[in-house]
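Accompanying notes for the structure given below.
As the structure is a computational prediction, the values presented were derived from the model and not from experiment. Atom set for the values below is all heavy atoms of this structure, side chains included, hydrogens, waters and symmetry mates excluded. Here is the naming used below: chain letters follow the sequence lines, and residue numbers restart at 1 for every chain.
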Amino acid sequence: MIRAGAPMQPNQYRDIRLEKLDKLKALGLDVWPRKAKRTHGIAQLAEIYADAEAWPNEKLEGLGMTASVMGRVLTIREMGKSVFAHLTENGEKLQAFFRKDDVAEPGWDVLKLLDMGDFVSVTGPLMRTKTGELSVRVKEVQFLSKALLPLPEKWHGLQDKEQRYRQRYLDLISNGDVLKTFQTRSRIVSGIRRFMEGQGYLEVETPMMQPIPGGATARPFITHHNALDMSLYLRIAPELYLKRLIVGGFEKVFEINRNFRNEGLSVRHNPEFTMMEFYAAGQDLRDMMALTEDLISGLARDVMGSETLPWGEQPISYAKPFRRLTLKDAIAEYGHIDRHLLEDGDSVRALAKAVHIEDAGAKTVGTLLGDLFEHHAEKQLIQPTFITDYPIELSPLTKTLEGDDRFVDRFELFTGGMELANAYSELNDPVDQMGRFQAQMAERDAGNDEAMLLDMDFVTSLEHGFPPCGGEGIGIDRLVMLLTNSASIRDVILFPLMRPTKPSETEEKE
RNA sequence: GGGCCCUUAGCUCAGCGGUAGAGCAGCGGCCUUUUAAGCCGUUGGCCGCGGGUUCAAAUCCCGCAGGGCCCA
């Protein structure tokens with residue numbers, strides 16, 4: 001596969017196009033000019049003169065304007081002594097109309113050597129064709145860049161998913177929706193930054209390489225620092241560092257950056273993924289909920305244009321307020337299970353065994369409640385729903401509920417059947433925190449290699465005084481999936497992780 | 001990790017024991033308002049890789065690689 005990508009291998013297409021390049025040089029052209037002649041962007045012209053009734057051909061010609069636009073040649077339709085071509089720039093298209101009698105030398109010869117995929121700049125007045133399409137009547141052509149390899153098929157685009165991910169640039173060129181999705185992702189992320197800054201949060205950066213990976217339960221990637229001769233871990237979460245900043249006196253901080261978790265791939269998981277975490281001194285879980293609703297419904301409205309957006313077969317409403325449900329109530333409702341059975345350890349264990357949950361005999365009741373929730377409820381939570389009152393075993397960094405120390409003041413937001421956000425009233429009692437870490441270490445000794453490691457410096461920071469604090473993480477990739485109706489996380493990550501097609505050169509050297 | 005499926009021309013796909021096919025793209029013609037332009041002609045293939053079965057394998061069997069979907 002991907003033979004066309006093999007660099008500089010002899011290839012029918014490359015050879016012919018290299019010959020054309022020589023012919024262009026022979027015409028005396030600078031075939032790799034340093035700058036494009038351009039007075040307007042294609043999007044700009046397409047927008048201003050979009051309305052065919054407001055801008056009929058006579059009126060366009062009456063403007064007496066000359067525009068220069070640059071773009072990649074997407075299609076060429078040759079009609080004897082005239083040629084139509086579509087140029088594309090930034091996802092927008094504009095037609096160029098060449099007539100042999102109109103084009104100044106050596107324009108017509110250049111045209112004969114033009115291929116789909118090349119870049120050109122064209123100059124001329126605007127016009128509208130018989131069929132009403134806005135076009136540039138080309139008087140002058142500037143050749144900008146030769147594509148030596150052909151574009152994917154113009155009608156079907158690039159379909160092969162493997163090649164779409166491996167050669168994302170081809171996917172972006174030939175599948176218009178893909179470029180739109182990633183442009184939208186960019187707008188969503190900048191919308192998030194605007195919102196957070198508007199709420200008084202400061203963006204900070206904390207270590208991606210950590211000596212002790214903390215803040216989440218997950219297997220880390222490990223790497224090595226040569227000069228210090230030490231192991232380092234790619235972070236699984238920034239949490240413990242952001243909290244140190246709260247200790248240090250920041251009131252509100254957020255970070256949007258990559259986390260790395262050494263786990264499998266799926267339509268919802270990529271080993272590196274983007275997360276926003278934020279912390280606000282003096283606040284609690286209720287404040288995090290309100291902010292989350294404001295943020296997400298605001299993004300739906302302001303970036304996507306509606307609080308109700310399509311998601312597969314079923315639209316999702318991001319209108320406030322989102323539904324709230326305790327973990328146990330969610331199990332009861334979606335699993336059609338008598339609520340009272342969830343209050344008793346033996347019956348919880350029996351329910352877990354009934355649905356074949358692994359090690360159901362050995363796990364704690366709280367852990368089993370988490371498993372039952374995942375089994376019965378998670379996939380069914382399509383509309384945004386805050387799940388609250390998590391078992392303490394699943395939440396080593398969270399304050400307990402008032403009056404019930406088996407459960408903690410935490411929510412996870414589920415949407416489209418996915419975990420989208422996770423928030424706590426942060427644990428700030430250093431003695432309690434030390435005990436929770438010890439419980440995690442015991443779990444680790446018992447064989448759970450995802451259990452948290454003790455970070456003594458973090459505990460020390462709490463001992464210097466940590467205010468009450470609300471904290472939350474929001475999965476940015478999943479948020480983009482939801483807002484753009486993308487079924488796979490690979491459709492919202494530009495370069496998802498792929499196995500190499502053959503051993504890389506660095507590996508061969510080692 | 002388990003199950004199912006895919007891999008054939010640059011791209012999109014047929015073909016499923018008997019000489020390797022189509023559309024688009026390319027190349028050569030015709031055509032001065034086309035838009036999946038049209039018409040005539042034409043080049044292009046380690047049928048993912050390696051074994052096997054067979055007189056004969058793209059096609060059947062086994063293994064490997066890469067990918068996809070579902071489940072855990």
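Residues meeting the salt bridge (charged side-chain N to carboxylate O under 4.0 Å, His left out) test with A:D346, sequence neighbours left out: none. Applying the ring pair (Phe, Tyr, Trp, His ring centres under 6.0 Å) criterion to A:F98, with sequence neighbours excluded, gives no partner residue. For A:N175, the side chain to side chain donor-acceptor pair (under 3.5 Å) criterion is met by A:D171, not counting sequence neighbours. For A:S68, the side chain to side chain donor-acceptor pair (under 3.5 Å) criterion is met by A:T123, not counting sequence neighbours. The ring pair (Phe, Tyr, Trp, His ring centres under 6.0 Å) test applied to A:Y424 returns no partner, not counting sequence neighbours. Considering only residues two or more places apart in sequence or on other chains, A:E78 meets the side chain to side chain donor-acceptor pair (under 3.5 Å) condition with A:K112.
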Kindly list each side-chain donor-acceptor pair under 3.5 angstrom involving residues 84-94 of chain A, sequence neighbours excluded, with atom names and distances?
from	atom 1	to	atom 2	distance (Å)
A:H86	ND1	A:T75	OG1	3.4
A:H86	NE2	A:E133	OE2	2.7
A:T88	OG1	A:E92	O	3.2
A:E89	OE1	A:I42	N	2.8
A:E89	OE2	A:R38	NH1	2.6
A:N90	OD1	A:Q183	NE2	3.2

Extract all donor-acceptor atom pairs below 3.5 Å that involve side chains of residues 54-67 of chain A and protein atoms in other chains or at least two apart in sequence.
from	atom 1	to	atom 2	distance (Å)
A:N57	OD1	A:R128	N	2.9
A:K59	NZ	A:A54	O	3.1
A:E61	OE2	A:R137	NH2	3.2

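Contacts of residues 64-88 of chain A with RNA chain B (heavy atom under 4.0 Å): A:R77, A:E78, A:M79, A:G80, A:K81, A:S82, A:F84, A:H86. For residues 43-63 of chain A, proximity to RNA chain B is found at no residue, defined as any non-hydrogen atom under 4.0 angstrom from a strand atom.
Every pair passing side-chain hydrogen bond (donor to acceptor under 3.5 Å, both in side chains) that includes a residue from residues 367-387 of chain A is listed here, sequence neighbours excluded: A:K363-A:D371, A:T364-A:T367.
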### Query
When you check every protein heavy atom under 4.0 Å of nucleotides 64-72 of chain B, what one-letter string (B, S, -) results, 5' to 3'?
--SSSSS--

